Amino acid sequence: MISIDSILRQRFATALGLAFGSEFANDPMIKEGDEKFADYQCNAAMALGKQLGLPPRAVAEKIIAHLDISDVCQPPAVAGPGFINLRLKPEWVAHRLTRFFCDAAEKVRGGVDLVPQPQTVVVDYAGPNIAKEMHVGHLRSAILGDAISRTLKFLGHTVVRQNHVGDFGTQFGMLIRHAQDLQLKADDSAPTKPQIADLDTYYKEAALRDKTDPEFSRQARQAVVSLQHQDPQATVLWHWIVDESRRHARELFALLGVQLTDADERGESFYHDRLSSVVERLRYALSYGGDGPATGIAEVFSADAHQRGPVDFTGVPARDVDEARGALAAAEGIQRAMEASSTTPIARAFVAESQGATCIFLPGYVDKDKAPLPLIIQKGDGAYLYATTDLAALYFRIIENKTAPEDQTPLQQDWHADRIIYVTDARQTQHFAMVFDAVRAARWDINPQSHKSVRLDHATFGSILGEDGKPFKTRSGESVKLRELLTEAVDRASAVMLEKNPDLSAQARSDGSLAVGIGAVKYADLKQDRTTDYAFSWPRMLALEGNTGPYLQYSYARIRSIFRKADLRPTELTPHGDIKLETPQEMVLARKLLQFPAAVESVERELKPHHLCNYLYSLCSAFSAFYEACPVVKAPDADLRTSRLILCELTATILHLGLNDLLGIGVLEEM
RNA sequence: GCGCUCGUAGCUCAAUUGGAUAGAGCGUCGGACUACGAAUCCGAAGGUUGCAGGUUCGACUCCUGCCGGGCGCACCA
């Protein structure tokens with residue numbers, strides 16, 4: 001269903017064109033108005049008055065004179081400096097809502113249209129460290145990433161969820177070495193495969209030995225080498241540790257309702273055998289000119305081992321390989337100049353060796369001594385770092401052809417991402433800024449199919465703090481284990497439900513406390529602007545009043561209860577004519593119901609689910625006012641009863657969509 | 001020191017990205033159950049949006065400078 005905003009925008013754009021000429025027929029600045037003044041308002045007159053040298057109010061009057069909107073709105077009014085205020089006609093709202101209810105396809109989507117141009121969007125989230133138990137620090141990424149993924153998918157995008165787990169690295173040396181000593185029979189033929197009872201304990205034991213026993217430590221480093229050379233025993237032990245960790249993570253994802261499967265997991269190990277070629281590609285691409293004013297990067301790609309689709313660099317002069325070597329030499333010149341004077345600004349990206357490490361230097365990044373700050377992609381000892389892995393992952397997600405011969409694990413289909421979203425905490429801001437800049441400098445951000453630049457987003461989030469305002473820890477100062485946190489949430493929810501509704505069956509309470517407890521934790525996280533830190537508080541998140549998960553679930557359950565009382569199923573509802581919006585409360589609720597698409601779109605635009613939370617809460621407030629003022633089951637006449645039941649059903653539909661489908665929070669028939 | 005980020009009611013947070021008289025919840029005070037779940041609702045009090053300038057019709061929002069908190073600043077992720 002075409003949104004109200006679009007309808008108004010079109011009407012106003014037409015009016016602007018008629019009034020002032022087609023060059024002014026864009027962006028009429030339509031916004032939802034303050035309820036005190038208007039349902040919607042057009043704010044174009046002020047800016048236009050400036051451009052045209054006319055009084056804004058006169059501009060507003062002229063717009064109205066050319067405006068054809070009487071079917072949708074009551075006569076517009078000019079207010080203040082030049083606001084054009086609009087009130088929707090109740091009969092138009094009623095008709096629209098009735099259509100919304102009657103059209104099954106509209107109803108299941110809450111009136112939200114699919115995007116006209118779907119994109120392939122990779123969402124990278126969760127990403128726990130393997131071999132460590134998940135803790136509260138993993139919570140936000142998982143919850144936010146999941147809600148963002150669900151929302152983008154709902155809008156029609158092709159969403160590729162990626163769980164970029166930390167499953168490869170130096171710490172695995174000590175873990176493998178420790179496993180050897182535990183005499184773990186790791187071959188699959190063993191009748192009972194051992195399990196790691198407590199990952200954290202296991203990790204700590206290994207870490208302690210690594211720290212205190214030099215011989216152990218030496219052997220651990222040797223184990224890393226063995227693993228990297230795919231030594232059978234080391235590999236088997238590594239698989240064993242990773243599988244145990246994966247089992248643990250899988251349980252928690254299921255408990256959380258996070259839609260990540262094993263198929264979505266591509267961790268550091270997946271990219272491991274690509275790292276050396278990534279470094280070489282970067283060295284080559286950046287030596288060639290990178291983000292300079294003109295680049296013949298097309299040749300770099302044709303020289304590349306990967307067959308890439310045709311790349312159109314219209315207007316870019318072709319350069320030959322000699323020139324590339326010249327650029328490399330120039331880069332080395334910059335490197336020498338940089339070492340002579342540590343504050344020489346970097347004019348463009350290049351790759352250089354510095355203090356034994358292979359680094360990408362990018363314009364705009366300096367360290368505390370104002371010296372150029374590198375993005376290190378290969379350590380002095382030859383090992384790779386997480387930046388290398390991130391770059392490899394970006395290359396893979398945007399460019400790499402999944403059926404390329406060297407690929408050992410071809411995917412179902414190529415991705416060629418149009419957009420990539422990283423949901424990680426704000427402390428990694430600079431890291432991702434550098435990685436993204438490096439990718440752009442290398443021109444890896446050009447989608448090989450569309451030839452458009454790929455949108456790279458870092459959806460950052462703040463820390464979870466305790467009620468004392470300091471990072472959320474246990475009393476002994478340890479990070480809070482996720483499993484324990486979630487268990488406590490469910491227990492607390494169960495206690496609250498027992499207190500508030502003792503009549504509920506044990507089974508219903510057991511099922512419900514899971515949805516309520518987990519939902520409370522998730523909602524508390526999602527309702528907050530993700531960029532800020534937030535204070536974790538059991539009483540606040542489990543409260544049944546205010547903007548909380550339990551309150552929204554309660555609102556939903558109360559609506560379902562109305563239908564039980566009416567002894568009616570929503571599918572049995574058939575409207576007699578349009579819905580009736582005779583009281584102010586019915587009208588407010590009706591308008592609110594039609595604003596769901598706008599809320600979903602703002603989540604997409606900013607990758608901020610809290611906009612949807614705020615919308616759903618305001619919907620519940622509007623419903624409460626309606627519920628208080630307008631009897632439903634005992635409505636004065638049958639038509640009004642039906643009409644009000646439809647308002648209930650539509651509210652429930654949108655709550656269900658918003659909570660369950662988009663935020664990943666379960667809803668209950670009764671609680 | 002440099003960079004990023006935040007500072008809004010007693011507390012926890014919003015504010016449609018530059019729009020009107022800055023909104024909610026908790027807490028406080030006062031009301032509403034012989035009508036659908038009171039697990040709720042209605043009302044009141046509570047603000048120089050950290051401070052000082054600037055930009056313009058208009059600033060919590062943008063720019064500059066201070067003050068205060070958090071985070072980051074090359075071989076960990």
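Within every chain, numbering begins at 1; the chains are lettered A, B, ... in the order of the sequence lines, protein sequences first and strands thereafter. As the structure is a prediction and not an experimental result, all values here were calculated from the model.
At the phosphate of rC73(B), neither OP1 nor OP2 sits under 4.0 Å from any side-chain N or O atom of Q430(A). Contact check, H164(A) against rA77(B): no side-chain N or O comes under 4.0 Å of OP1 or OP2.
H458(A) meets the side chain to side chain contact (heavy atoms under 4.5 Å, CB included) test with Y422(A), T424(A), Q428(A), T429(A), F432(A), F436(A), T460(A); sequence neighbours excluded. With sequence neighbours excluded, the residues satisfying side chain to side chain contact (heavy atoms under 4.5 Å, CB included) with R605(A) are S602(A). With sequence neighbours left out, F563(A) forms a ring-ring contact (aromatic ring centres under 6.0 Å, His included) with no residue at all.
Side chains of R558(A) and S624(A): a donor-acceptor N/O pair is present below 3.5 angstrom, by distance only.
Under the stacking definition used here (centres under 5.5 Å, planes under 30°), the residue F83(A) fails to qualify as stacked on the base of rG19(B). Taking the 5.5 Å centre cut-off and the 30° plane limit, the aromatic side chain of Y627(A) is not classed as stacked on rC41(B). In this structure, Y617(A) forms no aromatic stack with the base of rA24(B), since the conditions of centre separation below 5.5 Å and plane angle below 30° are not both met.
For a distance-only test at 3.5 Å, the side chain of E628(A) fails to qualify as a donor-acceptor partner of the base of rA32(B). On a pure distance criterion of 3.5 Å, no polar donor-acceptor pair joins the side chain of S621(A) and the base of rA24(B).
Less than 4.0 Å separates RNA chain B from at least one heavy atom of each of the following residues of residues 28-36 of chain A: K31(A), E32(A), K36(A). For residues 459-468 of chain A, proximity to RNA chain B is found at no residue, defined as any non-hydrogen atom under 4.0 angstrom from a strand atom.
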Give RNA chain B the dot-bracket treatment, 5' to 3': Watson-Crick (N1-N3 with N6-O4 or O6-N4) or G-U (N1-O2, O6-N3) under 3.5 Å, [ ] crossing, | other strand. (((((.(..((((.....[...)))).(((((.......))))).....(((((..]....)))))).)))))....
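Distance check on atom C1': rA9(B) versus rG27(B) gives 12 Å, rounded to whole Å. Annotation: rG65(B) and rG25(B) have their P atoms spaced 40 Å apart (nearest Å). Remark: the separation of the P atoms in rG43(B) and rA24(B) is 9 Å, to the nearest Å. With both ends at atom C1', the span from rC71(B) to rU64(B) equals 24 Å, rounded to whole Å.
Contact annotation for H431(A): no contact, since no heavy-atom pair falls under 4.0 Å across all strands. Using a 4.0 Å heavy-atom criterion, one finds that G166(A) contacts no nucleic acid atom at all.
Closest approach to the L385(A) side chain among rA77(B), rC36(B), rU40(B) is made by rA77(B) (side chain taken as heavy atoms from C-beta onward). Of the listed nucleotides (rA14(B), rA77(B), rU40(B)), rA14(B) has the atom at the smallest distance from the side chain of N614(A). Of the candidates rA74(B), rU12(B), rA14(B), the closest approach to any side-chain atom of D529(A) belongs to rA14(B). Side chain of P374(A), nearest nucleotide from rA74(B), rC13(B), rA20(B): rA74(B).
To the nearest angstrom, C1' of rU8(B) lies 21 Å from OH of Y534(A). Between L616(A) atom CG and rA14(B) atom C1' the separation is 15 Å, expressed in whole Å.
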